[in-house]
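Data block below; observations after.
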Amino acid sequence: MIAVKNLYKNFGKTPVLKAVSTTVEKGEKVVIIGPSGSGKSTLLRCMNLLEDPTYGEVWVDGKLITPVDPYLHPDLIALSSTCRRLCAEGMTEEDAVARIKREDLLRKFEGAAFRKAVRSRYKENYLDINLVRRKIGMVFQHFNLFNNKTVLDNMTLAPVTLKLKTKAEAEERAYALLRRIGLEDKANVYPSTLSGGQKQRIAIVRALAMEPEYMLFDEPTSALDPEMVGEVLELMKELADTGMTMVIVTHEMGFAREVGTRVLFMADGAIAEEGTPDEIFSAPESPRLREFLSKVL
């Protein structure tokens, strides 16, 4: 499970994500839709720390991959010197904690007991992001293949470099994946000789070569010519049918409706509405979602 808790992301003084919380259960196909600039890709990139959240936490399979956010842990807030001061002034601990959260009162230095508890919580739950990324495959808008390496080298580089497979094992896996998408004959060519659709399908199976438990897709068809979109979406549908856990940012509404088990609609940096594909596309509740769908459907 990937759990996003009260996530904020600012670029300078510009807020991009605002208090976003959601969970992705094993086997789910979560599709994220919304207008450009709504924070969709930023949310996806925060799930594997390609972007560092400003506030909030991200958990993967019960392990924390971000620093501890004390505002998400009332027991930690209760140990702060600010909480002790408010209690000494007559507030109950519960009211003091609530006020600290509401008014953002925690300071940089909150006493030794607070620092020790935060550090302990971090050590108990933290998992290095490099280990987490072995579980999470990522497919980008613009393929991100190494143009100076062959298709086979692109697919075997990560598992061999990380010592997850021998070169022979990695190549065997790579050829099996290339056969799966009908591109085995492209193993020894360079990406510059491939069509956009071929590059994106190879980018997908390159991620699969690491045998991930989760796959994140950041608008995987947005850089493709219209006639190439179908072959990439078809591969993604096949992947969904295998039970892979997927989070997909896309503007392909038909694909979202067909493949998604849950749809998140983002607007202005927040999740404005979520539900099943039928709920989102057939019975949208918010005026903002109805306006968006009227323009894209």
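From a predicted model like this one, the values you see are computed outputs, not experimental measurements.
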Measure the CG-CG distance between L194 and L145 for me, rounded to the nearest 0.5 Å. 8.0 Å
Please report the interatomic distance CZ(F146) to CG(D153), rounded to the nearest 0.5 Å. 11.0 Å
Centroid-to-centroid, Y55 to Y71, below 6.0 Å? no
Without swapping roles, check the side chain of [X] against the backbone of [Y] for a donor-acceptor pair under 3.5 Å.
{"X": "Q200", "Y": "F140", "answer": "yes"}
{"X": "R173", "Y": "L208", "answer": "yes"}
{"X": "T245", "Y": "K26", "answer": "no"}
{"X": "K9", "Y": "L7", "answer": "no"}
{"X": "K40", "Y": "P35", "answer": "yes"}
{"X": "T193", "Y": "V189", "answer": "no"}

What about [X] and [Y], same hydrophobic cluster or not, with Ile/Leu/Val/Met/Phe/Trp/Tyr joined at side-chain heavy-atom distances under 4.5 Å?
{"X": "L127", "Y": "I136", "answer": "yes"}
{"X": "Y126", "Y": "V58", "answer": "no"}
{"X": "L44", "Y": "I248", "answer": "no"}
{"X": "I2", "Y": "L49", "answer": "yes"}

Do [X] and [Y] have a side chain donor and acceptor closer than 3.5 Å?
{"X": "E57", "Y": "T66", "answer": "no"}
{"X": "S120", "Y": "E124", "answer": "yes"}
{"X": "E110", "Y": "S81", "answer": "yes"}
{"X": "D218", "Y": "S41", "answer": "yes"}

Looking at [X], I'd like to know if its [atom1] atom is crowded, meaning that more than 12 non-hydrogen atoms belonging to other residues, nucleotides or ligands lie closer than 6.0 Å.
{"X": "K237", "atom1": "NZ", "result": "yes"}
{"X": "E184", "atom1": "CD", "result": "yes"}
{"X": "E285", "atom1": "CD", "result": "no"}
{"X": "D268", "atom1": "CG", "result": "no"}

Please say which of E25, E279, E28 ends up in a side-chain hydrogen bond (donor to acceptor under 3.5 Å, both in side chains) with R262. E28
Worked verdict on L17 versus T54 for side-chain contact (heavy atoms from CB on, under 4.5 Å): CA-CA 9 Å; L17 295 178; T54 305; over 6 Å; no
Presence of salt bridge, E273 and R288, under 4.0 angstrom: no
So, E89 and R85, do they make that salt bridge, N to O below 4.0 Å? yes
Once side-chain hydrogen bond (donor to acceptor under 3.5 Å, both in side chains) is applied, do any residues pair with K123, and if so which ones, sequence neighbours excluded? none
Decide yes or no on salt bridge (charged side-chain N to carboxylate O under 4.0 Å, His left out) for R121 and D75, but give the supporting numbers first. CA-CA 11 Å; R121 186 68 51 87; D75 60 320; 2.5 Å; yes
Given salt bridge (charged side-chain N to carboxylate O under 4.0 Å, His left out), test E211 with R134 step by step and report yes or no. CA-CA 8 Å; E211 301 181 358; R134 297 180 187 181; over 6 Å; no
Here's one to test your reading of the geometry: is the NZ or CZ of K295 within 45 degrees of the ring axis of F292 and under 6.0 Å from its centre? no
Could you list all the ring pair (Phe, Tyr, Trp, His ring centres under 6.0 Å) pairs where at least one residue sits in residues 186-233, not counting sequence neighbours? none
Checking E171 against K167 for the salt bridge (charged side-chain N to carboxylate O under 4.0 Å, His left out) test, could you report, in this order, the C-alpha distance in whole Å, the side-chain angles of both residues, the deciding distance, and whether it holds? CA-CA 6 Å; E171 289 185 352; K167 190 171 187 298; 2.5 Å; yes
